[in-house]
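This is a predicted model, so every value here is computed, not measured. Chain A is the first sequence line, chain B the second, and so forth, proteins listed ahead of strands; every chain is numbered from 1.
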Protein chains: 2
Amino acid sequence: MSEPLHERIRADFEKRILSGALAPADRLPTEQELMRHYGCSRMTVSRALSTLAAAGLIDRRKKAGTFVARPRVHSMVLDVPDLAAQIRARGQAHRFRLLHREARPPRADHADEVWVAREGQLLALDGLHLADGDPIAIEHRLIGIDAVPGVVAADLEAVSPGSWLLQHIPWTEAETRISALGCPPADARALGIAAGAPCLCVERRTWRGAEPVTQVRQLFLAHAYDLVARFGPTSSG
Amino acid sequence: MSEPLHERIRADFEKRILSGALAPADRLPTEQELMRHYGCSRMTVSRALSTLAAAGLIDRRKKAGTFVARPRVHSMVLDVPDLAAQIRARGQAHRFRLLHREARPPRADHADEVWVAREGQLLALDGLHLADGDPIAIEHRLIGIDAVPGVVAADLEAVSPGSWLLQHIPWTEAETRISALGCPPADARALGIAAGAPCLCVERRTWRGAEPVTQVRQLFLAHAYDLVARFGPTSSG
DNA sequence: CAGTGGTCTAGACCACTGA
DNA sequence: CAGTGGTCTAGACCACTGA
């Protein structure tokens with residue numbers, strides 16, 4: 001038996017809930033009943049059910065029992081592909097070309113700049129992502145120098161700023177906003193497309209603990225970039 | 001002490017990893033050392049570390065010990081807002097207008113249709129999402145009638161097809177693809193915009209267990225719809 | 001107030017794997 | 001082969017909450 005018992009119990013109930021055999025609001029057996037059914041101790045049963053509860057598949061209420069949860073339809077796991085890797089996977093060469101680089105204090109009337117730099121300095125970067133020499137995305141990035149002092153000396157064309165940060169900031173929290181828009185004229189010129197052409201816009205703020213690290217706005221040519229998200233309790237089990 | 005001890009241990013190490021005090025590849029104390037430090041049993045320590053391992057913050061290797069994991073930069077939690085609720089939150093009225101409805105076998109040369117219906121019948125729906133009477137999105141949907149027999153009799157203007165399915169299919173797995181594109185002419189006419197205007201395109205396939213349920217392609221007017229994703233180990237703890 | 005889940009203990013045996 | 005984590009037991013006390 002390579003599979004632990006708690007995992008078998010968890011998978012049993014996941015399957016019944018996924019298949020609809022157990023519908024939302026249905027009551028599961030009590031821990032006592034499951035102990036008898038699986039011939040194991042209460043800790044083992046409890047561990048299986050705790051995992052399902054953490055995944056949002058069931059709700060546990062004292063005295064009342066354990067119930068199938070209503071599906072949470074609002075959260076998915078989003079794969080954020082590495083742009084450079086995605087380009088290379090298509091057999092193209094990826095390059096990042098820095099268009100502009102400036103270290104300075106934040107402008108008080110720019111909320112993003114104040115958010116990133118607070119009272120310190122920020123690094124403002126504009127650059128192009130190229131696939132086989134053709135621009136496919138433009139990014140505008142702000143980095144807090146106090147949060148990431150090493151960035152000032154980094155060669156950000158050898159490794160793109162996003163990759164450099166990921167390699168040097170050990171863990172991050174981030175918030176991403178995804179939208180579509182017509183390409184503004186200045187970006188369109190840099191990308192070599194018509195102003196107003198459809199672009200996928202990804203805006204992201206990243207923290208290290210409570211400290212802001214970077215804010216970035218990336219515009220991708222339509223069809224150059226897809227975001228893929230998967231959803232389902234299986235992904236958490 | 002309202003907070004369980006295993007949760008305190010988990011939060012301690014999460015904090016140290018997030019703050020950078022513990023860097024990737026750093027070794028954590030052994031379970032024996034943590035038992036002494038927190039004055040608790042091995043199960044309690046193990047539970048805290050198992051939760052961190054499940055969240056991807058640490059790697060545990062037998063004989064070698066427990067180590068801070070390299071950040072997984074590729075997965076985020078994506079909030080999929082309910083379009084109707086989002087419109088109402090802006091103080092507008094949401095309505096779904098059915099443009100076309102047809103029950104028929106799949107066309108053999110349409111991969112999406114064969115995927116949804118297999119050998120059975122499918123329901124093909126086209127409709128508009130309206131905010132205060134103005135179109136803001138168009139959707140093209142295929143539903144497998146064998147998987148969801150009740151849908152044939154449903155009033156899909158009173159409740160939009162997406163909402164109806166969520167209420168009647170107890171749990172789902174889904175795969176979503178997000179991109180930007182210029183609006184095709186036929187969709188543009190229905191939306192009352194110029195052909196080629198930028199749109200956010202969301203394509204989703206949904207399963208119930210192993211059975212395909214629905215395939216939908218939605219085009220949103222730019223600025224009418226944002227997708228927001230959050231990322232971070234806190235979300236899983 | 002009785003039944004349920006939440007937590008925790010002090011052990012045990014085992015599997016894996018690096019020294 | 002010794003140290004580490006993975007699993008499991010058979011209990012215990014407690015907190016919550018619906019009947």
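Electrostatic pairing of A/Glu31 and A/Arg60 counts as a salt bridge here, judged by a charged N lying under 4.0 Å from a carboxylate O. Of the charged side-chain nitrogens involved, at least one lies within less than 4.0 Å of a carboxylate oxygen, so that B/Arg10 and B/Glu7 count as a salt-bridged pair. Note on B/Arg217 versus B/Asp112: no salt bridge recorded, every NZ/NE/NH1/NH2 to OD/OE distance being 4.0 Å or above.
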Base-pairing string, 5' to 3', of DNA chain C - Watson-Crick or wobble, under 3.5 Å, | interstrand: ||||||||||||||||||.
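Cation-pi contact between A/Arg61 and A/Phe67: present, with separation from the ring centre below 6.0 Å and deviation from the ring axis of at most 45°.
Nucleotides of DNA chain D nearest to A/His6 and B/Thr30 differ in position, and the one nearer the 5' end is that of B/Thr30.
Within the structure, a side-chain polar atom (N or O) of B/Thr66 is placed less than 4.0 Å from OP1 or OP2 of D/dG5. Note on B/Arg60: every side-chain N or O is 4.0 Å or more away from OP1 and OP2 of D/dT4.
Picking from C/dT4, C/dC8, D/dG5 the nucleotide with the shortest atom distance to the side chain of B/Lys62 gives D/dG5. Comparing D/dG5, C/dG18, D/dC16 by their closest approach to the side chain of A/Lys63 singles out D/dC16.
Looking at B/Val216, B/Val213, B/Leu122 one by one, the single match for side-chain contact (heavy atoms from CB on, under 4.5 Å) with B/Leu142 turns out to be B/Leu122.
Side chain to side chain, B/Arg141 and B/Thr214 meet the donor-acceptor criterion of an N or O pair below 3.5 Å.
The stretch residues 35-49 of chain B touches DNA chain D through B/Arg42, B/Met43, B/Ser46, each having a heavy atom within less than 4.0 Å of the strand.
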